[in-house]
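Presented below is the structure to which this report refers.
By convention in this document, chain letters (A, B, ...) are assigned in the order of the sequence lines, proteins followed by strands, and residues within each chain are numbered from 1. When reading the values below, keep in mind they use all heavy atoms of this one structure, side chains included, and skip hydrogens, waters and symmetry mates.
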Amino acid sequence: MKIATYNVNGVNGRLPVLLRWLGEAEPDIVILQELKASQEKFPRVELAKLGYQAIWHGQKSWNGVAILSRVGEIHETRRGLPDDPDPMQSRYIEAAVNGILICGLYLPNGNPRPGPKFDYKLRWLDRLIEHAATLFETGLPVLLAGDFNVIPTERDVCKPERWREDALFAPEVRDAFVQLTSQGWTDALRAVHLDETIYTFWDYFRNAYARNAGLRIDHLLLSPMLAGRLVDAQVDIHVRGWEKSSDHAPVWVMLSDEPLHTRKRAKPRHLAA
DNA sequence: ATGTCATAGAAGCTATGA
């Protein structure tokens, strides 16, 4: 089973890109962020033509998250985090699909730092960490995926020194990400590409994509049951080069149907020797 | 500070968020 996360940066403005990628990549389940569309303006019919059913949490102009499936029913379990810091912002959607609990999230950007937007990001992370702990403890197969707006380590940014004060790389935010993954989640892309430079986002400024001046901020975190089924994780980097593309590229994991007893689970970074 | 996009409304440009 192939599961992807993609910050589309406007689901209607980028619809041709999204449909082209879906046709090419054929993911089974897709988690979308930054729909930038109100609830009634989601392109349900166009996606259904490609065989995807969908649930979505829209919002006019900003945010918005969705889950697509071409492998059976989407059983929504919640939208918004428990004690969400701002329920008006559509940033979280959760559903059981094909035996996996899919958690789609769009974390606040948090800039400028310091300031109220940064405080909001920290509160959101706090709520996410608490909810993730609850989900983890169920022992179920759970996937946390989306645009985290977190650069986990220096390896995940082209020029770390330029990002020291940025809300995507701030110590408080990176600490929170470590706190989250330390619950036992596997960062799938990093587990597959241990020592590689691999990015998921290139901004529109300064020809960033052509220079590969990117960031790794879109993540797929696997509970132990799913980590035991991890076959591959990749970024569809070329999609970022398409005309009218999002500033993010799609990121996906391939999971086997059965546990892979031969593959060792990736150790959290803080436990590594 | 800069740069490039999409969106919405004050509208055919400007403000905003990223």
*For A/L107 and B/dA18, what is the distance between atoms CG and P respectively, to the nearest whole Å?*
12 Å
_Pair A/W163 + A/F169: ring centers closer than 6.0 Å_ = no
*Whole-Å gap separating P (B/dA18) and CG (A/L168)*: 11 Å
*Whole angstrom value for the distance that separates P of B/dA6 from CG of A/L32*: 17 Å
*asked:* Here's a test of your reading of the structure: between A/Q89 and A/A37, which maps to the more 5' nucleotide of DNA chain B?
replied: A/A37
*Rounded to whole angstroms, how far apart are CH2 on A/W62 and C1' on B/dA6?*
8 Å
*asked:* So A/K41, base contact, sugar-phosphate only, or nothing? Heavy-atom distance under 4.0 Å.
replied: nothing
_Separation of B/dA18 P from A/H248 NE2 (nearest whole Å)_ = 11 Å
*Is the A/H219-A/F177 ring centre distance short of 6.0 angstrom?*
yes
*Between A/N63 (CG) and B/dA6 (C1'), how many Å, whole number?*
14 Å
*From B/dT7, B/dA18, B/dC5, nucleotide with atom closest to A/Y106 side chain*: B/dA18
*asked:* Below the 4.0 Å mark, does B/dA6 have OP1 or OP2 next to a side-chain nitrogen or oxygen of A/K244?
replied: yes
_Electrostatic pair A/D156:A/R190 at N-O distance under 4.0 angstrom_ = yes
*P spacing across the pair B/dA15 / B/dA10, given as an integer number of angstrom*: 14 Å
*Nearest to side-chain heavy atoms of A/F205, which nucleotide of B/dT7, B/dC5, B/dG3*: B/dG3
*salt_bridge(A/R164, A/E154) N-O dist < 4.0 Å*: yes
_Atom-to-atom span, CG of A/D203 to P of B/dA6 - whole angstrom_ = 14 Å
*Minimum-distance nucleotide to A/R14 side chain [options: B/dT4, B/dA18, B/dA6]*: B/dA6
*Compare every heavy atom of A/K117 with every heavy atom of A/P112, then report the nearest pair and how far apart it is.*
CD-CD, 4.4 Å
_When the C1' atoms of B/dA11 and B/dA6 are compared, how many Å lie between them, rounded to an integer?_
16 Å
*Could you tell me whether A/R113 sits above the aromatic face of A/F118, with NZ or CZ closer than 6.0 angstrom to the six-membered ring centre and within 45 degrees of the axis?*
yes
_With nearest nucleotide decided by heavy atoms, which residue, A/P108 or A/S38, maps closer to the 5′ end of DNA chain B?_
A/S38
*Ignoring backbone atoms, test whether A/K60 places a side-chain nitrogen or oxygen under 4.0 Å from the OP1 or OP2 oxygen of B/dG9.*
yes
_Between B/dT7 and B/dG12, how many Å separate the two C1' atoms, rounded to a whole number?_
15 Å
*Whole-angstrom distance between B/dT14 and B/dA1, as gauged at atom P*: 22 Å
*Specify the separation, in whole Å, of atom CD of A/E34 and atom C1' of B/dT7.*
11 Å
*asked:* Measuring to OP1 and OP2 of B/dT4, would you say a side-chain N or O of A/R206 lies under 4.0 angstrom away?
replied: no
*Output yes when at least one side-chain N/O atom of A/K36 is less than 4.0 Å from OP1 or OP2 of B/dG17, else no.*
no
